[in-house]
Amino acid sequence: MSFIKMVKDEIQLIQERDPAIHSKMEVFLYPSFKAMLHYRFAHKLYVKGHYFLARWVSQRGVRKTGIEIHPGAKIGNGLFIDHGNGVIIGETTIIGDNVTLYQGVTLGGTGKEQGKRHPTIGNNVMISAGAKVLGSFTIGDNSKIGAGSVVLDEVPPNSTVVGVPGRVVKRNNMTLPQETMDQCHLPDPVREDIMQLQTANSELINRVLELEGRLNRVDNREKNKLEKGEKKDENL
């Protein structure tokens with residue numbers, strides 16, 4: 001891919017996914033644009049074995065943008081990093097096509113693995129602000145990771161993940177994340193669990209009250225029998 005084509009693709013990408021942009025010239029100010037230019041150059045150096053130069057170019061990009069992409073990472077076409085400050089992408093990370101990352105996202109390792117120790121992100125994935133994906137596993141195509149989630153296990157394709165630790169709360173939603181760019185309207189499993197507990201608690205309370213009522217009726221019948229028996233004894 002030529003440098004000019006790469007620049008044109010990045011401009012088109014940012015215009016498609018960021019409603020705040022008003023002109024093509026603004027693209028040159030975007031951290032995502034600068035970070036990806038540095039990454040593409042650094043990655044070429046890394047592949048050729050020029051590791052020091054690759055890291056030098058990469059670190060220049062970090063200082064300018066706040067986005068740290070290791071030159072060894074493998075990134076497909078159409079990666080968009082919105083805002084971007086605090087984004088970290090580890091050395092053995094693999095990212096597919098048309099992926100969107102928001103600020104504060106970490107694609108990191110657990111510190112225990114050797115070799116492939118960072119996640120593989122499928123195509124058309126959106127990872128929302130502050131989410132952490134840690135370990136060597138795959139986030140399936142067309143998936144969405146909620147803001148602040150901590151994902152530690154593999155995610156099937158077409159899934160929505162939220163929570164700490166992250167868990168799948170929705171499957172087979174085929175709307176592509178980059179078409180909606182929606183970080184907010186996600187299921188809330190904690191709220192759902194609390195509501196289920198409240199419902200179960202209400203049912204339990206009603207059951208206890210019903211049993212208490214039955215016991216009271218039994219006690220009253222026993223008292224009436226005793227009183228009738230005492231009256232008979234007195235009459236005798």
Side-chain angles (χ1 to χ4, degrees), residues 82-83 86-88 99-113 117-236:
D82 195 7
H83 298 292
V87 168
I88 298 174
V99 171
T100 302
L101 307 180
Y102 284 87
Q103 65 271 20
V105 167
T106 298
L107 305 179
T110 62
K112 299 178 182 179
E113 297 171 294
R117 58 192 185 279
H118 299 99
T120 297
I121 311 299
N123 300 323
N124 307 312
V125 172
M126 187 183 84
I127 305 180
S128 302
K132 313 298 177 186
V133 183
L134 306 176
S136 178
F137 52 84
T138 299
I139 305 294
D141 294 349
N142 309 319
S143 292
K144 183 185 291 187
I145 310 301
S149 299
V150 178
V151 185
L152 303 174
D153 294 301
E154 187 155 335
V155 176
N158 310 309
S159 299
T160 299
V161 176
V162 298
V164 180
R167 59 175 175 168
V168 176
V169 294
K170 193 174 183 180
R171 289 287 307 276
N172 298 319
N173 177 14
M174 294 303 295
T175 301
L176 298 182
Q178 72 266 24
E179 292 178 355
T180 61
M181 301 293 284
D182 184 3
Q183 298 187 78
C184 302
H185 298 94
L186 303 177
D188 185 348
V190 175
R191 182 174 179 274
E192 291 172 2
D193 287 346
I194 291 173
M195 291 180 67
Q196 290 178 357
L197 287 171
Q198 289 176 335
T199 300
N201 186 57
S202 297
E203 291 175 353
L204 182 61
I205 291 173
N206 291 334
R207 182 61 177 163
V208 170
L209 292 174
E210 181 184 348
L211 291 173
E212 285 181 347
R214 289 183 181 181
L215 286 173
N216 288 334
R217 288 194 291 274
V218 170
D219 288 342
N220 289 334
R221 283 199 295 269
E222 292 297 323
K223 287 180 181 179
N224 290 335
K225 287 180 181 179
L226 288 173
E227 288 176 356
K228 289 180 180 179
E230 290 175 355
K231 287 181 179 179
K232 286 181 180 180
D233 292 340
E234 289 176 358
N235 292 332
L236 292 173

Peer 1: Kindly give the heavy-atom pair with the smallest separation between Asp82 and Tyr102, and that separation in Å.
Peer 2: OD2-CE2, 3.2 Å
Peer 1: At their closest point, which heavy atom of Thr110 faces which heavy atom of Gly135, and how far apart are they?
Peer 2: CG2-CA, 3.9 Å
Peer 1: Would the distance check show the side chain of Ser136 and the main-chain N or O of Gly109 forming a donor-acceptor pair, the cut-off being under 3.5 Å?
Peer 2: no
Peer 1: Looking at Glu203 and Arg207, is any side-chain nitrogen of the basic one under 4.0 Å from a carboxylate oxygen of the acidic one?
Peer 2: no
Peer 1: Using modelled atom types and a 3.5 Å cut-off, is there a donor and acceptor pairing between side-chain atoms of Thr160 and backbone atoms of Val169?
Peer 2: no
Peer 1: Search all heavy atoms of Ala131 against all heavy atoms of Gly146 and return the closest pair with its distance.
Peer 2: CB-O, 3.8 Å
Peer 1: Check whether any side-chain heavy atom of Leu101 lies under 4.5 Å from a side-chain heavy atom of Leu107, and answer yes or no.
Peer 2: yes
Peer 1: When rounded to the nearest 0.5 angstrom, what is the spacing between NZ in Lys144 and CD1 in Ile127?
Peer 2: 12.5 Å
Peer 1: Working note: Asn124 + Asp141, criterion side-chain contact (heavy atoms from CB on, under 4.5 Å); need CA distance, chi angles, decisive distance, verdict.
Peer 2: CA-CA 6 Å; Asn124 307 312; Asp141 294 349; 5.5 Å; no
Peer 1: Could you check whether any side-chain N or O of Asn201 sits under 3.5 Å from a backbone N or O of Leu197, counting only pairs where one atom can act as donor and the other as acceptor?
Peer 2: no
Peer 1: Any idea which heavy atoms bring Pro119 and Gly108 closest together, and the distance?
Peer 2: CD-O, 3.4 Å
Peer 1: With a 4.5 Å heavy-atom cut-off, do Thr100 and Met126 have their side chains touching?
Peer 2: yes
Peer 1: Does the side-chain contact (heavy atoms from CB on, under 4.5 Å) test come out yes or no for Val162 and Ser149, once each step is laid out?
Peer 2: CA-CA 5 Å; Val162 298; Ser149 299; 4.2 Å; yes
Peer 1: Atom CG in Leu211, atom CG in Asn216: separation rounded to 0.5 Å?
Peer 2: 11.0 Å
Peer 1: Any donor-acceptor pair under 3.5 Å linking the side chain of Lys132 with the backbone of Leu152?
Peer 2: no
Peer 1: So how far is it from Asn220 CG to Leu215 CG, rounded to the nearest 0.5 Å?
Peer 2: 11.0 Å
Peer 1: Start with the C-alpha distance between Asn142 and Asn158, add both sets of side-chain angles, then the distance that settles side chain to side chain donor-acceptor pair (under 3.5 Å), and finish with yes or no.
Peer 2: CA-CA 5 Å; Asn142 309 319; Asn158 310 309; 3.0 Å; yes
Peer 1: Is the backbone N or O of Ile145 less than 3.5 Å from a side-chain atom of Ser128, with the two atoms forming a donor-acceptor pair by type?
Peer 2: yes
